[in-house]
> 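Please read through the structure below; I'll follow up with questions.
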Amino acid sequence: MDFYLIATALITLSAIFGYINVRFLKLPNTIGLMLITILYTLGVFALSYFDDTLLKAEVALIKQIDFKDLLLDHMLSFLLFAGALHTNFQQLKVQRWPILLFATLGVLVSTFLVGGIMFYLLQLLGLEVKFIYCLLFGALISPTDPIAVLGILKKANVPKKLETKIVGESLFNDGVGVVVFLTIYQIATSESSDFDFLGVAELFGIEVIGGIVFGLLLGWITYRLLRSIDDFDIEVIITLSAVMGGTIIAQKLHLSAPLAIVAAGLVVGNDTLRNTSMSETTELYVDKFWELIDILLNAVLFVLIGMEMLVLVFEGKYFLAGLLAIPVILVCRFISLWFPIKLFKEKLDFVPNTNLIMTWGGLRGGISIALALGLSSEMHRELFLVITYIVVVFSILAQGLTIGGLVKKLNRN
């Protein structure tokens with residue numbers, strides 16, 4: 001099955017499901033697409049009891065797609081740049097210190113809390129899993145997903161100051177989360193006698209700080225190029241080249257590509273800089289181009305997430321572990337946010353109930369599933385993939401559908 005056929009199938013399904021959502025369900029696209037895809041997948045399972053032709057075709061399609069490679073190495077940079085490009089830079093600058101703590105300390109605290117609790121929880125269920133593998137799960141599930149967050153918060157009427165915190169955190173913590181995951185993965189696959197903790201710490205610092213510095217440089221170069229000409233079509237191509245070329249260079253230099261692209265997007269999207277580098281026509285075309293990229297890739301991504309259910313191994317204990325993991329992860333996120341919020345609450349005049357709203361509004365999505373797919377079989381890949389899938393589905397459908405109502409209720413009170 002070639003790339004063109006796979007892309008055609010995914011985009012066609014996205015178009016059909018998107019039409020059904022807009023025409024009948026009228027849910028936010030992220031939620032609607034995923035819900036319809038899950039219902040469609042369940043329908044395929046039901047039909048397979050009479051004729052399994054469609055099921056076999058769907059499974060063959062999904063198995064042809066390397067979800068981890070597709071999302072982390074190809075789609076993620078485009079989605080992050082589109083999100084960063086439209087983020088309020090001035091608000092982000094004001095909230096930079098709590099966002100920095102949310103995206104670093106918050107992810108690390110959540111990783112170890114989730115990993116520790118899941119280690120004992122899985123033992124109670126009769127599932128013997130090493131602590132280091134539970135930490136891997138903590139690392140992949142702790143970062144909130146900017147793709148899911150951005151798509152849903154737009155319609156949730158969250159106060160701007162709080163929206164900036166949630167969006168800013170999600171833009172940065174996925175890059176940090178990927179680095180934390182890869183660091184723990186390296187520990188898990190290394191012999192203890194050969195393992196160099198200092199080397200890992202240095203690698204972590206280089207990936208995170210180096211990625212951000214490279215991204216700022218990339219954004220500045222892009223800004224200077226945009227400023228030196230006035231031709232909207234070439235300027236759109238320059239932004240596209242910056243994302244694609246920047247991703248490849250960051251990967252070759254072993255820097256965090258997600259953090260680099262976020263930093264570049266924030267520079268190019270900065271209101272002060274864009275006013276001097278883009279004409280009104282260029283600004284319109286750049287914004288519309290990246291908005292379209294964002295919508296298209298989001299649609300394909302959430303259809304893919306829904307279809308991943310076709311290749312999961314749903315055992316009873318796995319399913320129960322997934323259900324129990326939901327409250328564990330929510331409580332751990334609440335705790336991990338407590339210190340940064342307490343530290344900056346008075347100084348930055350936080351919205352009331354910030355911790356509760358950020359806990360419920362911190363959605364998990366495709367990045368967590370992609371990282372779970374990267375686990376090896378000895379790391380209990382099937383178990384953690386099922387748990388991750390259940391958490392992601394609950395996060396997007398339950399939390400995503402109710403975050404708007406929660407914000408209204410808490411603000412009214």
Side-chain angles (χ1 to χ4, degrees), residues 3 6-7 10-11 14 30 33-34 65-87 103 107 139-152 167-182 185 207-208 210-212 214-215 218-219 239-266 268-269 289-305 308 362-375 388 392 395-396:
F3 172 78
I6 293 172
L10 290 174
I11 291 174
S14 300
T30 300
L33 281 165
M34 188 167 166
I65 302 169
D66 186 336
F67 187 95
K68 178 176 177 288
D69 177 70
L70 178 65
L71 177 57
L72 296 183
D73 293 342
H74 302 295
M75 293 174 65
L76 185 57
S77 291
F78 294 97
L79 290 162
L80 289 177
F81 187 83
L85 193 66
H86 300 106
T87 299
V107 169
L140 70 87
I141 207 67
S142 290
T144 54
D145 192 312
I147 304 157
V149 169
L150 286 164
I152 290 169
V167 170
E169 178 208 9
S170 66
L171 282 170
F172 283 101
N173 75 6
D174 73 294
V176 174
V178 169
V179 175
V180 172
F181 174 84
L182 293 175
Y185 190 97
E207 285 231 6
V208 172
I212 293 173
F214 171 69
L218 178 66
T239 62
L240 183 61
S241 172
V243 173
M244 298 175 76
T247 299
I248 291 173
I249 293 171
Q251 290 171 347
K252 295 294 183 184
L253 295 176
H254 302 291
L255 306 175
S256 173
L259 290 175
I261 296 304
V262 167
L266 289 172
V268 176
F289 172 80
W290 283 103
E291 187 178 331
L292 181 60
I293 291 288
D294 188 35
I295 291 168
L296 174 61
L297 293 184
N298 257 300
V300 171
L301 173 61
F302 283 95
V303 166
L304 267 174
I305 291 174
E308 279 295 321
L363 309 178
R364 274 71 182 181
I367 293 170
S368 293
I369 292 177
L371 292 176
L373 284 165
L375 297 173
T388 303
V392 167
S395 173
I396 293 171

> Can you see which heavy atom on Pro258 is nearest to which on Leu76, and at what distance?
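Looking at all heavy atoms of both residues, the shortest contact is CG-CD2, 3.9 Å.
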> Before you tell me yes or no, could you show the steps for Val149 and Leu363 under side chain to side chain contact (heavy atoms under 4.5 Å, CB included), namely the whole-Å CA-CA distance, both residues' side-chain angles and the distance that decides it to 0.1 Å?
CA-CA 6 Å; Val149 169; Leu363 309 178; 4.3 Å; yes
> As an exercise, state the distance from CD1 of Ile141 to CD1 of Ile367, rounded to the nearest 0.5 Å.
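If I round to the nearest 0.5 Å, the distance is 11.0 Å.
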> With distance as the sole test, does Asp145 use its side chain to make a donor-acceptor pair with the main-chain N or O of Gly366 at under 3.5 Å?
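Such a contact is found between Asp145 side chain and Gly366 backbone.
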> Pair Val178, Glu207 - check side chain to side chain contact (heavy atoms under 4.5 Å, CB included), show working.
CA-CA 10 Å; Val178 169; Glu207 285 231 6; over 6 Å; no
> Look up atom CG in Leu266 and atom CG in Leu171, then write down how far apart they are to the nearest 0.5 Å.
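Leu266 CG to Leu171 CG: 6.5 Å, rounded to 0.5 Å.
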> Can you tell me how far apart CG (Asn298) and CZ (Phe78) are? Round to the nearest 0.5 Å.
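Spacing of CG (Asn298) from CZ (Phe78) equals 14.0 Å.
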> How many angstroms lie between atom CD1 of Ile212 and atom CG of Leu255, to the nearest 0.5 angstrom?
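Separation between the atoms: 11.0 Å.
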> Give me each pair satisfying salt bridge (charged side-chain N to carboxylate O under 4.0 Å, His left out) with a member in residues 167-180, each pair once, sequence neighbours excluded.
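Sorted pair list: Glu169-Arg333.
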> For Phe81 and Val262: C-alpha separation, side-chain torsions, deciding distance, then whether side chain to side chain contact (heavy atoms under 4.5 Å, CB included) applies.
CA-CA 6 Å; Phe81 187 83; Val262 167; over 6 Å; no
> For Ile295, check side-chain contact (heavy atoms from CB on, under 4.5 Å) against everything at least two apart and list the hits.
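By the side-chain contact (heavy atoms from CB on, under 4.5 Å) rule, Ile295 matches Glu291.
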> Return each pair, listed once, that meets side-chain hydrogen bond (donor to acceptor under 3.5 Å, both in side chains) where at least one residue sits in residues 65-85; pairs must be two or more places apart or across chains.
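For residues 65-85, and leaving out neighbouring residues, the side-chain hydrogen bond (donor to acceptor under 3.5 Å, both in side chains) pairs sorted by first residue read Asp69-His74, Ser77-Thr247.
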> Please answer whether the main-chain N or O of Val167 pairs with a side-chain N or O of Ser170 as donor and acceptor at a distance below 3.5 Å.
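Yes, the answer is positive, given that a donor and an acceptor are paired below the 3.5 Å cut-off.
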> To the nearest 0.5 angstrom, please state how far the CG atom of Leu71 sits from the CG atom of Leu79.
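So the CG of Leu71 and the CG of Leu79 are separated by 7.5 Å.
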> So which atom in Val243 and which in Ile261 form the shortest heavy-atom distance, rounded to 0.1 Å?
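For Val243 versus Ile261, the nearest heavy atoms are O-CD1, 3.7 Å.
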> Test of understanding: with side-chain contact (heavy atoms from CB on, under 4.5 Å), list the residues that count as partners of Ile11, not counting sequence neighbours.
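Testing Ile11 for side-chain contact (heavy atoms from CB on, under 4.5 Å), a comparison that skips the adjacent residues, returns Leu296, Val300.
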> Which heavy atom in Ala372 sits nearest to a heavy atom in Thr388, and how many Å separate them?
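Nearest pair, atom of Ala372 first, then Thr388: CB-OG1, 3.8 Å.
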> Using every non-hydrogen atom in the two residues, find where Leu371 and Phe181 come nearest and quote the distance to one decimal.
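Minimum heavy-atom contact is O-CZ, 3.5 Å.
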> Checking the side chain of Ser395 only, and the main-chain atoms of Arg364 only, is there a donor and an acceptor separated by less than 3.5 Å?
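Yes, the answer is positive, given that a donor and an acceptor are paired below the 3.5 Å cut-off.
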> For the residue pair Ile396 and Met34, establish whether any side-chain heavy-atom pair is separated by less than 4.5 Å.
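Heavy-atom side-chain distance check passes, below 4.5 Å.
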> Just to verify, what does Phe302 make a ring pair (Phe, Tyr, Trp, His ring centres under 6.0 Å) with, not counting sequence neighbours?
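Listed in chain order: nothing, the list is empty.
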> Compare all side-chain heavy atoms of Leu375 with those of Leu140 and state whether any distance is below 4.5 angstrom.
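Side chain of Leu375 against side chain of Leu140, heavy atoms only: contact under 4.5 Å found.
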> Got a sec, which residues hit side chain to side chain donor-acceptor pair (under 3.5 Å) with Ser368, two or more places apart in sequence or on another chain?
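With neighbours one apart ignored, the set is empty.
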> Might you work through the side chain to side chain contact (heavy atoms under 4.5 Å, CB included) test for Phe67 and Ile305, ending with a clear yes or no?
CA-CA 9 Å; Phe67 187 95; Ile305 291 174; 4.0 Å; yes
> Identify the two heavy atoms, one from Ala260 and one from Ala250, that lie closest to each other, and give their separation to 0.1 Å.
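Taking Ala260 first and Ala250 second, the nearest heavy atoms are CB-CB, 4.4 Å.
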> Report the distance from atom CD1 of Ile6 to atom CG of Leu70, rounding to the nearest 0.5 Å.
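Answer for the CD1-CG pair, Ile6 versus Leu70, is 9.5 Å.
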> On a heavy-atom basis, which atom in Leu80 and which in Pro146 lie closest, and how many Å separate them?
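That would be CD2-CG, 3.4 Å.
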